[in-house]
Every structure is written in C-alpha cells, then in structure tokens.
Number of protein chains: 2
Amino acid sequence: MERRPTLHDVAGEAGVSAKTVSRVLNGDGPVAAATRERVLAAVGRLGFRPNLMARSIRTGGPDSTVGLVLPDLGNPFFGALAGGAEGALRGRGLTVLLGCSGGDAAREAEVVGAFLARRTSALLVVPSGGGGETAAAARAAGVPLVYLDRPGPGADCVVSSNRAGAREGVAHLLGAGHRRVGFLGDLPASLYTRRERLAGWREALAAAGLPAPAELVAGARTVAEAERAALALLALPEPPTALFASNVIAATGALLALGRSGRRDVALLSFDDLPLAEVLDPPLSAVAQAPALLGATAARLALARLDGDGTPPRTETVPTRLVLRTRTGEARPPYCE
Amino acid sequence: MERRPTLHDVAGEAGVSAKTVSRVLNGDGPVAAATRERVLAAVGRLGFRPNLMARSIRTGGPDSTVGLVLPDLGNPFFGALAGGAEGALRGRGLTVLLGCSGGDAAREAEVVGAFLARRTSALLVVPSGGGGETAAAARAAGVPLVYLDRPGPGADCVVSSNRAGAREGVAHLLGAGHRRVGFLGDLPASLYTRRERLAGWREALAAAGLPAPAELVAGARTVAEAERAALALLALPEPPTALFASNVIAATGALLALGRSGRRDVALLSFDDLPLAEVLDPPLSAVAQAPALLGATAARLALARLDGDGTPPRTETVPTRLVLRTRTGEARPPYCE
DNA sequence: ATGAAAGCGCTAACAT
DNA sequence: ATGTTAGCGCTTTCAT
C-alpha cells in the first residue's frame with residue numbers, strides 16, 4: 001500500500017511549485033488557465049486528495065468540524081435531531097463529529113474534551129450534567145456552544161416549546177369538557193423538559209380556573225411503572241376522565257393500562273408523537289415535536305456565531321404542534337374530542 | 001480571546017524542552033519524576049490540550065476517527081445503528097465522523113470523500129449506490145471499509161439475518177395453521193434487504209410444500225399504499241389468512257387496513273419490530289433486528305482490520321429474533337429461555 | 001534523562 | 001503569474 005500523494009507529488013507531476021497547486025485547489029491567487037489544466041490533470045492522475053487536517057493546522061483557525069453530543073442514539077428523538085443538524089452543517093461544508101454521553105456528565109466532559117482536541121469549530125450539546133463544565137471548556141477554547149433540547153449555563157440554546165405545547169394539549173382536553181386531567185410523567189421533574197411539561201399542565205388547569213391537585217400527578221420511569229401509575233390514577237375516589245402523558249414511555253404505559261382494562265371512556269393525549277399513533281384504536285392525538293428542526297436550528301445558531309454574531313446568548317424555541325387524530329368512518333368514540 | 005496554548009508554551013512554563021513535554025504526554029521515553037510533575041503542573045495551569053490534528057499529521061498514520069455513512073438519521077433503525085457503532089469505537093479511543101447520504105450514491109461519494117480527506121482510519125457505510133465508487137475510494141486510500149446492513153463489492157459486511165429471519169417468521173405463521181400467507185413489502189425488491197426478506201418468505205412456503213403465487217405478493221412504498229395493498233390481498237378470490245409485512249411501513253399500512261376494516265381474523269407478523277407493538281390490540285409479533293449490535297459488530301470488524309487482520313473480506317450476520325407477543329402482553333422471545 | 005534539529009502536509013507572506 | 005521561504009503544532013530522528 002503506497003503512501004498517499006501529497007501536494008508536492010502533484011507539484012512534481014505537473015512541473016510547478018507546491019504553492020501553485022495550492023492556489024489552484026483553493027481558487028486563491030491568479031493562475032494561468034494552462035497551468036491550472038496541468039495541475040488538475042496531475043491531481044486526477046495521482047488521485048490526490050488534500051489533507052484537511054494539515055490545512056487546518058496551517059490556517060490556524062478551527063477545523064471544519066462541529067461536535068454533536070447526544071445522550072443516546074437509541075432514542076429516535078435524538079437520532080432525528082442528529083439528522084437535522086447534520087443536514088444543516090453539511091450544506092455549509094462542515095463535518096459532524098458524533099459523541100454519546102449516555103446522559104452522564106463525566107462522559108459528556110470526556111467527549112467534549114476529545115472534540116475540542118480536534119479543534120472543532122462549534123459544539124452542539126444536549127447537556128447531561130449541570131452543563132457548567134462543558135460551558136467552561138467551550139469558553140476556554142473560544143468555541144461557540146449551543147445547548148440542545150435543554151438549556152444550560154452561559155450559552156445559546158434551542159428547545160421545544162415544552163411548556164406551551166403541554167399547555168395547549170391539556171387545554172384541548174379541557175375544551176372537550178374534561179375537568180380532571182391526570183398528569184403522567186417522569187418524576188421528580190428535575191430534567192428541564194419534564195419540569196416544563198408539568199408546568200404546562202398546571203398552567204392549562206389554572207387558565208381554566210381548575211385546581212391542580214397533587215393526587216392527579218403520577219410519576220413513572222418505565223412502561224410498566226407508567227401502566228401501574230395510570231391504573232392508580234383511574235382508581236382514585238375522584239378519578240381523572242382524561243390523561244396527559246408527558247412522554248413516550250408514559251404514553252405507552254397509559255395505552256397498555258387503558259387497553260388491558262378495556263377503559264375506552266378515558267381520554268389520552270401524549271407529549272411527543274408516536275410513529276404508530278394513527279394505527280392505534282382509537283388513534284392517539286399528541287403534541288408533536290420537531291426534532292430535526294431542533295437540530296437544524298441549533299446548527300444555524302452555531303453558524304451565526306461563527307459568522308461573528310456577538311450578541312448575548314439567546315434561547316430559540318421550536319414550536320410543537322398539536323396533532324389531533326380521529327378515526328374516520330368509525331362509530332367507536334375516540335380518546336380525544 | 002487568547003490563542004490556545006501549545007506544546008511550546010507548556011515547555012516554556014515548565015522550563016523544559018518541547019520534546020520533554022511530548023514525552024510526558026505520550027508516556028514515551030524516560031522522564032524524571034520531578035520533571036514530569038513540573039510539566040503536568042504547567043499543563044494544568046495553562047489548560048493545555050494537545051492538538052490531535054497536529055499529532056496525526058506528524059505521525060503520518062490515519063487519524064483517530066472513523067467515518068460512518070448512513071442513509072437517513074430520521075429512521076430509528078439507523079439511529080440505533082449509529083449508537084452501537086459509536087459506543088464500540090469510543091471504547092477504543094476513536095471518534096465518529098457522521099454523514100448522511102440520503103440514499104443517494106452521489107452524496108455518499110461526497111461524504112466519503114470528505115471523510116477520506118480527514119484521514120479517517122476506517123469507514124462504516126450503509127451503501128446507497130452500487131457501492132463501487134466507495135470501495136474504490138477506500139481501497140485507493142488504504143482505509144478499511146465495512147458495509148453495514150447491505151453488502152457491497154469487495155469489502156467486509158455486516159447484515160441482519162434477513163432471509164432466515166423472514167423464513168422463521170413466515171414458518172411461525174405456517175405452524176399456526178395458515179396455508180396462504182401474503183407478502184407485503186417494498187417492491188421491486190431491488191434493495192438487498194427487501195430481496196432477502198422476500199426470499200425468506202418463499203423459502204418458508206417451499207419448506208412447507210406450499211406454492212408461492214405472485215398474487216400473494218404486494219408492493220407498497222408508503223403507509224397508504226400498504227393499506228390499499230393489504231386490502232387488495234384480502235379481497236382476492238382465495239385471500240390469505242395471514243400477512244407478512246416485510247418492513248415497518250408495510251406493517252403500519254397492514255395494521256391500518258386490518259383495524260379500519262375490523263378484520264380480526266387475519267394474522268399479521270412484521271419484519272423489524274415496532275416500539276408500540278405490544279400496545280396494539282391484538283399485540284403484534286415481529287422479527288426483531290438488533291441495529292445497535294449491527295453497528296457495534298461493524299465497528300469491531302473495522303478495528304480488527306486496523307489491527308492487521310488481512311484475511312479475505314467476510315460477511316458477518318447478526319441474528320434476528322422472533323418476538324412473539326400474546327394477549328397477556330408477555331413477550332416470549334423463543335431464544336431467551 | 002533531556003534537548004536540537006528536521007520535517008509531516010499544507011498555506012501565509014513575501015519575493016520575483 | 002509563479003516560486004521561495006517560513007512556520008502551524010506536533011513527533012521523530014539523532015544528539016548530548
């Protein structure tokens with residue numbers, strides 16, 4: 001296996017100097033048409049590909065990569081988010097470095113360190129710890145940082161409209177006449193998104209002049225827990241007539257609970273859409289997020305910083321969308337409406 | 001914002017030569033304990049992080065990155081695959097470069113080119129075109145290439161047991177007494193995975209001494225098409241009593257068709273598991289793939305090549321798992337005793 | 001045990 | 001319009 005050809009090899013092959021080859025490749029200084037031809041021919045003949053790392057070193061600036069740190073690629077939400085970011089960045093000639101933190105602050109710091117060592121031009125991070133360490137590292141390196149999905153200290157941030165979306169979803173249930181709407185989600189609501197969705201539930205009830213009793217709030221971390229929690233809610237002396245599931249896990253558990261107990265009289269609405277929502281019987285309405293747009297927005301924000309935007313850190317909110325599904329040509333009462 | 005500190009800055013701060021700092025950092029030559037202390041202190045004080053690109057350039061070898069090319073991160077399957085690969089690679093100190101081809105051969109070539117220009121140490125690619133261009137580029141660069149999910153020319157490959165899995169799934173339906181099992185999938189079966197699953201369907205029928213008539217094979221590319229196609233199958237003079245959906249889209253369409261027409265007498269089994277499968281009524285059994293394991297396996301294969309494995313290209317098959325779900329919701333994976 | 005010099009592949013700053 | 005020199009941040013000689 002041969003050594004890969006360098007600029008000098010091309011220069012030799014074309015009978016010019018290295019700098020001239022560089023000029024041709026970068027459209028830099030003026031080059032005679034004939035020379036350019038010869039250089040390009042040599043490049044083709046040798047199959048030369050410039051070494052981007054060497055270029056980066058010499059230019060001194062940041063490398064044409066952007067680091068993306070996610071908690072977990074097994075979650076479709078983060079996958080879609082990565083896709084959105086990648087698309088926006090590739091369009092600008094940037095390559096994505098991908099890292100998983102597993103939701104662990106130490107691993108996040110590790111990954112961020114590795115990215116910074118590659119002189120990434122920006123960092124997009126779904127923060128796992130307090131975020132302070134990542135922010136400090138990014139600042140020290142002079143690299144723009146954008147938090148994704150959850151806010152963090154001292155940097156730009158792109159989030160879904162968790163609170164407003166939840167509020168809208170619950171308001172829809174209230175508009176359908178429900179007066180007791182249970183909240184099912186991951187508790188304690190220490191994570192930003194959970195906290196916001198819970199707040200949205202509270203706000204919707206308050207706006208309707210209704211109380212938000214603690215007994216209507218149930219925590220669950222797994223599908224099985226959520227199923228049990230939903231059943232417990234429905235077994236209350238004054239049970240809810242509708243459930244708001246604040247995430248996919250909770251929604252799945254609630255669906256199981258309703259399905260297995262044959263309760264078709266209880267309405268259900270979930271935050272974060274499910275792929276099979278319209279296939280369910282009855283179909284499931286949801287507050288849908290736009291993860292790809294979230295990723296793309298974060299990328300745009302980072303690019304703006306790279307382009308010199310020096311304004312104070314700001315938070316951009318990507319709107320959620322209430323997706324109401326009904327069963328067409330069916331007599332059975334849908335969960336929602 | 002200051003220039004980031006370099007090896008020389010550290011050397012100056014510690015009162016030693018650059019090479020000594022390098023030795024300390026790489027555990028290279030012998031260094032006096034006292035000197036090491038001083039150097040490490042200086043590193044800490046300055047917040048020095050070695051420039052990985054500069055190191056890579058000097059060492060001449062490949063960079064500590066691995067390029068991963070996927071068709072589409074919006075698809076949870078590929079997200080999980082990426083997660084598996086990332087985990088296996090980070091464990092070995094490698095960083096993942098992520099690129100999306102969008103299923104387009106030209107974009108794949110573009111992304112591969114960008115990765116190779118960064119001197120990636122290996123390439124993991126879900127091939128979109130014939131794959132020839134990618135293989136040629138990788139070979140020319142002397143970079144190990146592993147195809148993911150679909151085979152390609154002249155390189156290692158990691159795939160799911162598409163054919164055997166489909167065969168097993170259909171055999172299960174046959175074992176339940178069905179004699180006419182419809183095939184619902186993306187046609188024409190030009191893509192490897194589709195072809196294999198169709199072949200598995202045929203093989204299962206053949207093994208049971210049954211015909212595989214063309215009328216039982218229906219193609220569909222979207223959920224709506226799949227729904228129509230499923231209904232068409234069920235409207236045949238001699239309709240199938242069971243359907244085998246060869247992918248998630250087809251399964252979704254079939255579920256819609258069965259649900260809306262109220263047909264609870266038709267069995268359904270899908271290739272590729274659905275997150276809500278157990279919530280459905282009746283629960284849906286499926287041939288589950290292991291995308292994360294697919295990614296991790298590809299990573300291991302690439303690492304083996306980097307470690308000098310020079311054997312001829314080989315194909316590794318990651319087994320699928322038949323997940324049978326019943327009314328009680330207890331999943332009974334037959335392989336897990 | 002440490003350092004000086006050279007050079008990886010490339011481009012910025014001056015030549016010419 | 002092209003070439004020369006120097007040097008990016010690091011590691012490899014080869015000294016000492």
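What you see is a predicted model, and the numbers here were worked out from it, not measured in a lab. So you know, we letter chains A, B, ... as the sequences are listed, proteins then strands, and number each from 1.
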message = Both Arg38(B) and Gly60(B) contact DNA chain C. Which one's nearest nucleotide lies toward the 5' end?
response =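 Looking at the nearest nucleotide for each, Arg38(B) comes out on the 5' side.
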
task = Using the closest heavy atom to pick a nucleotide of DNA chain C for each, name whichever of Ala18(B) or Leu7(A) lands nearer the 5' end.
result =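 In this pair, the answer is Ala18(B).
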
message = What I want to check is whether the side chains of Ser128(B) and Ser101(B) have a donor and an acceptor closer together than 3.5 Å.
response =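 Yes, side-chain donor-acceptor contact under 3.5 Å.
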
Among [options], which nucleotide has an atom closest to any side-chain atom of [X]?
X        : options                  : value
Arg55(B) : dT12(D), dT11(D), dG9(C) : dT11(D)
Thr35(A) : dT4(D), dT2(C), dT2(D)   : dT2(D)
Thr59(B) : dT12(D), dA1(C), dC10(C) : dT12(D)
Asn51(A) : dG9(D), dG9(C), dT11(C)  : dG9(C)

OP1 or OP2 of [N] sitting under 4.0 Å from any side-chain N/O of [X]?
X        : N       : answer
Asn26(A) : dT11(C) : yes
Thr20(A) : dT2(D)  : no
Ser17(A) : dT2(D)  : no
Arg58(B) : dT12(D) : no

For Ser160(A), all residues meeting side chain to side chain donor-acceptor pair (under 3.5 Å), sequence neighbours excluded =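 Ser160(A): side chain to side chain donor-acceptor pair (under 3.5 Å) contacts with Gln289(A).
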
[X] [atom1] to [N] [atom2], straight-line distance once rounded to whole Å:
X        : N       : atom1 : atom2 : answer
Arg49(A) : dG9(C)  : CZ    : P     : 17 Å
Ile57(B) : dG7(D)  : CD1   : P     : 18 Å
Asp28(A) : dA1(D)  : CG    : P     : 13 Å
Arg36(B) : dT2(C)  : CZ    : P     : 10 Å
His8(A)  : dG7(C)  : NE2   : C1'   : 11 Å
Lys19(B) : dA15(D) : NZ    : P     : 16 Å
Arg4(A)  : dC8(C)  : CZ    : P     : 16 Å
Met53(B) : dC10(D) : CE    : P     : 10 Å

request  = Identify whether any heavy atom of Ser56(B) sits under 4.0 Å from a base atom; if not, whether one sits that close to sugar-phosphate; answer base, sugar-phosphate or nothing.
outcome  =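 Answer is nothing: Ser56(B) stays at 4.0 Å or more from every strand.
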
query = Ignoring hydrogens and angles, are the base of dG9(D) and the side chain of Arg119(A) linked by a donor-acceptor pair under 3.5 Å?
reply =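 Answer no: no donor N or O sits under 3.5 Å from an acceptor.
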
Taking distance alone, no hydrogens or angles, what donor-acceptor pairs closer than 3.5 Å link side-chain atoms of residues 57-71 of chain B to residues at least two apart or in another chain?
{"unit_1": "Thr59(B)", "atom_1": "OG1", "unit_2": "Arg55(B)", "atom_2": "O", "d": "2.2"}
{"unit_1": "Asp63(B)", "atom_1": "OD1", "unit_2": "Arg118(A)", "atom_2": "NH2", "d": "2.3"}
{"unit_1": "Asp63(B)", "atom_1": "OD1", "unit_2": "Ser56(B)", "atom_2": "OG", "d": "2.9"}
{"unit_1": "Asp63(B)", "atom_1": "OD2", "unit_2": "Arg118(A)", "atom_2": "NH2", "d": "2.5"}
{"unit_1": "Ser64(B)", "atom_1": "OG", "unit_2": "Arg118(A)", "atom_2": "NH1", "d": "3.2"}
{"unit_1": "Ser64(B)", "atom_1": "OG", "unit_2": "Arg118(A)", "atom_2": "NH2", "d": "3.3"}

query = With no hydrogens and no angle check, is any side-chain donor or acceptor of Arg195(B) less than 3.5 Å from a backbone partner on Ser190(B)?
reply =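 Flag set: sc Arg195(B) to bb Ser190(B) pair under 3.5 Å.
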
query = When you measure from the side chain of Tyr147(A) to the backbone N and O of Val159(A), does any donor-acceptor pair fall under 3.5 Å?
reply =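 No; judged by distance alone, with no hydrogens or angles, the pair does not exist.
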
